[in-house]
Amino acid sequence: MMTNRVFYFNIIVGIISFLLINCKSKNTKLKNKEDISYTITFDANNKKLAKVQAVFTPKDSILYMGWGATNLPKRWATFVHNIKVTNAQNKPIKIEALEDAKWQIEAPLDDEVTLSYDIHLEHENYDWSSGIDAVAYTTDLGVFYTGRTLFILNAEQRENINITFNIPKNWKITNPWTTTKYNQHSYQANNHTDLLTALIFAGTHKEIAIKREDFELVFALGSEDIRNQEVELKNLAQGVLDYYIELMGGIPNPSPETPLNKSVVVISSSDKTDGEAMGNNISVLIEKNGNELSKTFSRFIFAHEFFHLWSGKSFSPASNDTEWFKEGFTNYYTLKALHHVNFLTDESYLDFLSSFFYKRYNDDEGVGKYVMADGEKKHDHWGLVYAGGMLAGISQDIIIRDATNNENSIDDLMRYLFKKYGGTNNTYNIEELQHVITELSGTDQTQFFNSYITGINKIPIDKYLTKTGLNAKIEDGNLKISKKKELTQKQINMLKGLLGDINIREQHYKIKNN
């Protein structure tokens with residue numbers, strides 16, 4: 001009798017094992033040949049190691065990694081170890097390393113393969129022109145990667161890419177992708193761009209989610225000292241988000257091909273303050289034990305890059321001759337936003353405008369030599385394009401407000417562009433900007449553009465600031481600003497607009513067609 005029980009028990013165990021093996025086999029099989037599935041494993045005991053596995057049917061024989069790391073001979077492949085490829089029968093497939101972070105495999109294009117490799121998180125041992133904030137690093141609370149440092153790709157483009165994370169029990173994972181129904185840590189990226197521009201933080205960090213309509217802003221506070229600033233950072237983020245939504249008249253609305261439902265902001269501490277935008281996401285490093293200026297810069301970086309979800313993503317320029325507008329006006333609205341949420345006072349706003357922005361503009365060797373509309377110069381001549389564009393925005397705001405008794409402003413220009421181009425693939429150009437600004441002020445702005453935008457003349461910002469009732473003068477290359485004790489009501493309203501006060505109303509004007 002006992003023998004029969006053992007016999008039947010062994011049969012049942014065998015059947016169960018057979019079913020489990022077959023179920024497992026079916027789960028690892030992709031639904032169709034267009035799919036690709038990544039599994040990433042992090043280990044709390046070895047934070048500098050990520051194990052990656054990808055299952056896919058090759059579309060060609062080349063594997064490769066994304067842009068960047070050109071300072072290294074092997075680019076991102078510098079950090080790739082133990083790479084191998086097997087077929088559906090678990091037999092090894094020959095793989096050969098090529099230059100430029102590429103590999104070639106000898107595999108049939110109609111058979112599913114499994115790619116596995118390790119990423120050694122040693123990126124902090126190298127110098128990066130764009131900063132480690134755009135690469136990968138570890139903190140006391142976890143690990144940070146950008147997608148381009150983590151993923152090996154096949155084919156020029158794929159869609160609906162599946163990503164699953166295996167993480168320690170007490171860890172969480174923050175990323176910008178859409179969650180799936182498969183398990184708690186399973187996600188889907190829309191395409192290669194969505195995959196490579198992702199910011200990923202895994203660890204015991206603090207996550208803050210702020211939702212407005214169909215848009216979610218998610219913060220990952222990646223260091224212990226940053227996690228202690230949770231309340232302040234959350235209040236700042238909510239205030240800036242609501243300010244931009246109110247200003248523009250809606251949440252970010254990019255083209256239909258690049259839907260935006262979630263944006264991730266990773267903030268960690270470092271030895272210096274820095275920041276970078278990757279796609280729709282923002283990475284910020286804050287100097288540990290830094291001074292007030294360092295703190296201001298860190299908030300400025302976030303608010304600046306965040307504004308680009310509207311100016312840059314929801315409405316974008318046709319060419320780089322409007323980089324002065326995209327970057328410079330963004331600087332202006334960043335200052336407005338930080339003042340609006342009471343991070344900057346009237347005095348600190350004006351001091352930041354003069355001691356940093358005007359100084360960068362005045363000290364830039366490109367001013368008086370190159371035209372501001374030459375967007376190719378924006379990296380080498382930050383002061384000319386970024387700071388100069390900001391001074392152009394302030395000047396035009398004051399011109400429009402002064403001419404219309406504060407009825408119109410460049411707020412109307414921003415709302416006009418968002419309403420016209422949001423959710424489309426269409427783009428604006430420099431001629432349209434000049435046309436709309438002329439319409440808003442009621443005065444032809446050709447001379448302003450010819451002098452300061454497409455010309456090399458220096459913007460007399462002191463002359464424009466004086467119209468708002470401020471004391472403003474240039475002395476020894478420095479812009480000195482102070483507030484007058486007595487102002488007219490018109491000047492009071494102009495100064496409020498300059499500092500970030502929004503007066504939302506129905507547009508009573510109509511922009512004539514070009």
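Given the structure is predicted, the values throughout are model-derived calculations rather than measurements. Just so you know, residue 1 is the first one in the sequence shown, and it goes up from there.
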May I ask you to decide if the ring planes of [X] and [Y] are parallel, tilted or perpendicular, using 30° and 60° as cut-offs?
X      : Y      : value
His304 : His308 : perpendicular
Phe144 : Tyr137 : parallel
Trp76  : His123 : tilted
Trp177 : Tyr187 : tilted
His81  : His120 : parallel

Is a side-chain donor or acceptor of [X] paired with a backbone partner of [Y] at a separation under 3.5 angstrom?
X      : Y      : result
Asp111 : Thr57  : no
Glu34  : Glu159 : no
Asn166 : Thr41  : no
Trp310 : Gly250 : yes
Arg75  : Gly68  : yes
Thr334 : Thr330 : yes
Arg148 : Ala134 : yes
Asn191 : Arg158 : no
Ser316 : Lys313 : no
Tyr117 : Ile152 : yes

Are the side chains of [Y] and [X] in contact, using a 4.5 Å heavy-atom criterion?
X      : Y      : result
Trp382 : Leu384 : no
Leu98  : Ile62  : yes
Phe302 : Ile282 : yes
Gln188 : Ile163 : no
Phe325 : Tyr428 : yes
Met248 : Phe307 : yes
Phe42  : Ile173 : yes
Phe201 : Asn175 : no

For [X], is the [atom1] atom crowded, meaning more than 12 foreign heavy atoms sit under 6.0 Å from it?
X      : atom1 : value
Lys48  : NZ    : yes
Glu257 : CD    : yes
Gln184 : CD    : no
Lys378 : NZ    : yes
Asp127 : CG    : no

Got a second to check how far [X]'s [atom1] is from [Y]'s [atom2], nearest 0.5 Å?
X      : Y      : atom1 : atom2 : value
Leu353 : Ser355 : CG    : OG    : 8.5 Å
Ser314 : Tyr421 : OG    : OH    : 14.0 Å
Glu230 : Ile208 : CD    : CD1   : 4.5 Å
Lys262 : Asp214 : NZ    : CG    : 14.5 Å
Glu365 : Tyr370 : CD    : OH    : 9.0 Å

Given the rule in the side chain to side chain contact (heavy atoms under 4.5 Å, CB included) test, do Glu124 and Thr138 qualify, once you have shown the distances and angles that lead to the verdict? CA-CA 8 Å; Glu124 294 158 292; Thr138 61; 3.6 Å; yes
What heavy-atom pair brings [X] and [Y] nearest, and what distance separates the two atoms?
X      : Y      : value
Ile286 : Ser298 : CG1-CB, 3.5 Å
Thr139 : Gly222 : OG1-O, 2.5 Å
Ala387 : Asn331 : N-ND2, 4.3 Å
Leu115 : Phe56  : CB-CE2, 3.9 Å
Asp364 : Gly366 : OD1-N, 2.7 Å
Gly422 : Asn253 : C-ND2, 3.2 Å

Between [X] and [Y] (salt bridge meaning N to carboxylate O under 4.0 Å), is one present in this structure?
X      : Y      : answer
Glu207 : Lys172 : no
Lys102 : Glu96  : no
Arg212 : Asp242 : yes
Lys377 : Asp374 : yes
Lys211 : Glu216 : no

Verdict with supporting geometry, Tyr126 and Phe79, ring-ring contact (aromatic ring centres under 6.0 Å, His included): CA-CA 11 Å; Tyr126 299 83; Phe79 310 99; 5.4 Å; yes
Under 3.5 Å, is there a donor-acceptor pair between the Thr174 and His205 side chains? yes
Test log, rule side chain to side chain contact (heavy atoms under 4.5 Å, CB included), inputs Val284 and Val266: CA-CA 6 Å; Val284 180; Val266 177; over 6 Å; no
Is the Phe356-Phe300 ring centre distance short of 6.0 angstrom? no
Distance flag, aromatic centroids of Tyr243 and Tyr333, threshold under 6.0 Å: no
Going through the checks in order, is the side chain to side chain contact (heavy atoms under 4.5 Å, CB included) test met by Leu233 and Phe219? CA-CA 9 Å; Leu233 290 171; Phe219 280 76; 5.5 Å; no
Please identify each residue that fulfils ring-ring contact (aromatic ring centres under 6.0 Å, His included) with Trp103, with sequence neighbours left out. none
Inter- and intrachain pairs under side-chain hydrogen bond (donor to acceptor under 3.5 Å, both in side chains), touching residues 274-288, at least two apart: Glu287-Ser294
Which residue pairs pass the ring pair (Phe, Tyr, Trp, His ring centres under 6.0 Å) test when at least one of the two sits in residues 257-290, sequence neighbours left out? none
Side chain to side chain contact (heavy atoms under 4.5 Å, CB included) for Val135 and Thr149? Distances and angles first, verdict last. CA-CA 7 Å; Val135 186; Thr149 66; 4.0 Å; yes
Please evaluate residues Tyr38 and Phe165 with respect to the criterion ring-ring contact (aromatic ring centres under 6.0 Å, His included), reporting the C-alpha separation (whole Å), side-chain torsions for both, the decisive distance (0.1 Å), and the verdict. CA-CA 8 Å; Tyr38 291 93; Phe165 291 93; over 10 Å; no
